[in-house]
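On a predicted model such as this, the values are computed, not experimentally measured, just so you know.
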Amino acid sequence: MKSIQIITDGSCIGNPGPGGWACILRYNGHKKEMSGSEGHTTNNRMELTAAIQALAALKQPCKVEIVTDSEYLKNGVSKWMAGWKRNGWMTKEKKPVLNRDLWEQLDTLTQTHETVWQWTKGHADHEDNNRCDELAQAAARSVRDKAR
């Protein structure tokens, strides 16, 4: 089974507002950058979309380390999602889980791969995280500028 490292980030100009996502996939010395945008979204949706797009790009089951600066994404996958699913996608407070559509996509994709989630401090010294931040912000600016 291939071992892949994925680094992700999401960005939003305003929240909600124009948003961008980005990811870097690293495998065996190779690096692939991906990014995209949405005209009206939230930062959390872009964080989730970055992970979804990265995992969807994998063509076969892999061992995947996913590095994110989003505690929402990391905790959602590793701590909260199992309970949400048990409770019919409701929170402990009996409220519907926000971004359920994206969480369900992420749930499906993570079942294909062996995933380990790592958190890194954003805007710090993680070179790939900083690059993802640049790409996500550029994607958000691009969609904002097209709308003007």
Side-chain angles (χ1 to χ4, degrees), residues 2-82 84-85 89-91 95-148:
K2 292 180 180 177
S3 293
I4 310 286
Q5 183 184 49
I6 293 174
I7 302 88
T8 66
D9 200 17
S11 179
C12 214
I13 302 170
N15 200 19
W21 60 267
C23 56
I24 296 173
L25 289 77
R26 289 194 171 274
Y27 169 68
N28 202 22
H30 300 281
K31 174 181 169 181
K32 179 178 182 174
E33 295 181 344
M34 299 169 34
S35 63
S37 60
E38 290 184 23
H40 188 76
T41 189
T42 66
N43 186 64
N44 283 340
R45 288 188 69 81
M46 292 294 88
E47 295 283 1
L48 287 161
T49 299
I52 290 166
Q53 293 295 328
L55 289 168
L58 302 178
K59 308 239 185 291
Q60 58 187 305
C62 298
K63 291 181 181 180
V64 184
E65 175 192 29
I66 302 174
V67 179
T68 179
D69 64 7
S70 170
E71 291 186 56
Y72 174 72
L73 173 58
K74 181 186 180 291
N75 290 336
V77 170
S78 58
K79 294 181 182 178
W80 307 328
M81 192 160 39
W84 292 339
K85 288 167 51 177
W89 291 97
M90 300 294 276
T91 66
K95 295 180 180 175
V97 170
L98 295 177
N99 304 311
R100 175 180 173 176
D101 59 327
L102 298 178
W103 286 115
E104 287 179 327
Q105 288 179 53
L106 192 56
D107 182 40
T108 299
L109 288 165
T110 56
Q111 291 178 31
T112 304
H113 308 285
E114 292 179 23
T115 57
V116 175
W117 295 81
Q118 301 291 333
W119 180 82
T120 187
K121 184 176 180 174
H123 313 284
D125 59 358
H126 192 291
E127 184 178 330
D128 284 341
N129 177 258
N130 290 336
R131 176 64 179 152
C132 282
D133 182 58
E134 291 172 13
L135 292 169
Q137 286 188 35
R141 283 192 304 272
S142 174
V143 74
R144 177 201 60 196
D145 294 347
K146 285 180 188 174
R148 288 183 170 176

Taking C-beta and beyond as the side chain, do V77 and L106 meet within less than 4.5 Å on heavy atoms? yes
Mind checking whether T8 and C132 have side chains closer than 4.5 Å, heavy atoms only? no
For a quick test of your reading: what N or O donor-acceptor pairs under 3.5 Å do the side chains of residues 46-59 make, sequence neighbours left out?
{"residue": "E47", "atom": "OE1", "partner": "G10", "partner atom": "N", "Å": "3.3"}
{"residue": "T49", "atom": "OG1", "partner": "R45", "partner atom": "O", "Å": "2.7"}

Is there a side-chain contact between D128 and V67, using heavy atoms and a 4.5 Å cut-off? no
Nearest-0.5 Å distance that lies between atom CG in N43 and atom CD1 in I13: 11.5 Å
Under 3.5 Å, side chain of N130 to main-chain N/O of D125, donor-acceptor pair present? no
Output all residues satisfying salt bridge (Lys or Arg N to Asp or Glu O under 4.0 Å) with E114, sequence neighbours left out; order by chain, then residue number. none
Between atom CD of E104 and atom CE of M81, what is the distance when rounded to the nearest 0.5 Å? 10.0 Å
Can you sort out the partners of Q111 under side chain to side chain contact (heavy atoms under 4.5 Å, CB included), two or more places apart, ordered by chain and number? K85, D107
Going by distance alone, is a donor N or O of one side chain under 3.5 Å from an acceptor N or O of the other, for D101 and Q105? no
Take R131 and E127 through the salt bridge (Lys or Arg N to Asp or Glu O under 4.0 Å) test and state the conclusion after the steps. CA-CA 6 Å; R131 176 64 179 152; E127 184 178 330; over 6 Å; no
Y27 and H30 aromatic ring geometry - parallel, tilted or perpendicular at 30°/60° bounds: parallel
Taking atom CD of E65 and atom OG1 of T115, what is their separation to the nearest 0.5 Å? 11.0 Å
Note: V143 and P18 closest approach over all heavy atoms is CG1-CB, 3.7 Å
So which pairs with a foot in residues 54-79 pass ring-ring contact (aromatic ring centres under 6.0 Å, His included), sequence neighbours left out? Y72-W103
Does K63 have any salt bridge (Lys or Arg N to Asp or Glu O under 4.0 Å) partners at least two apart in sequence or in another chain, and if so, which? none
Applying side chain to side chain contact (heavy atoms under 4.5 Å, CB included) to T112 and not counting sequence neighbours gives P61
Over 12 non-hydrogen atoms of neighbours within 6.0 angstrom of NZ in K32: no
For the residue pair D9 and W21, establish whether any side-chain heavy-atom pair is separated by less than 4.5 Å. no
Between W119 (side chain only) and D69 (backbone N and O only), is there a donor and an acceptor less than 3.5 Å apart? yes
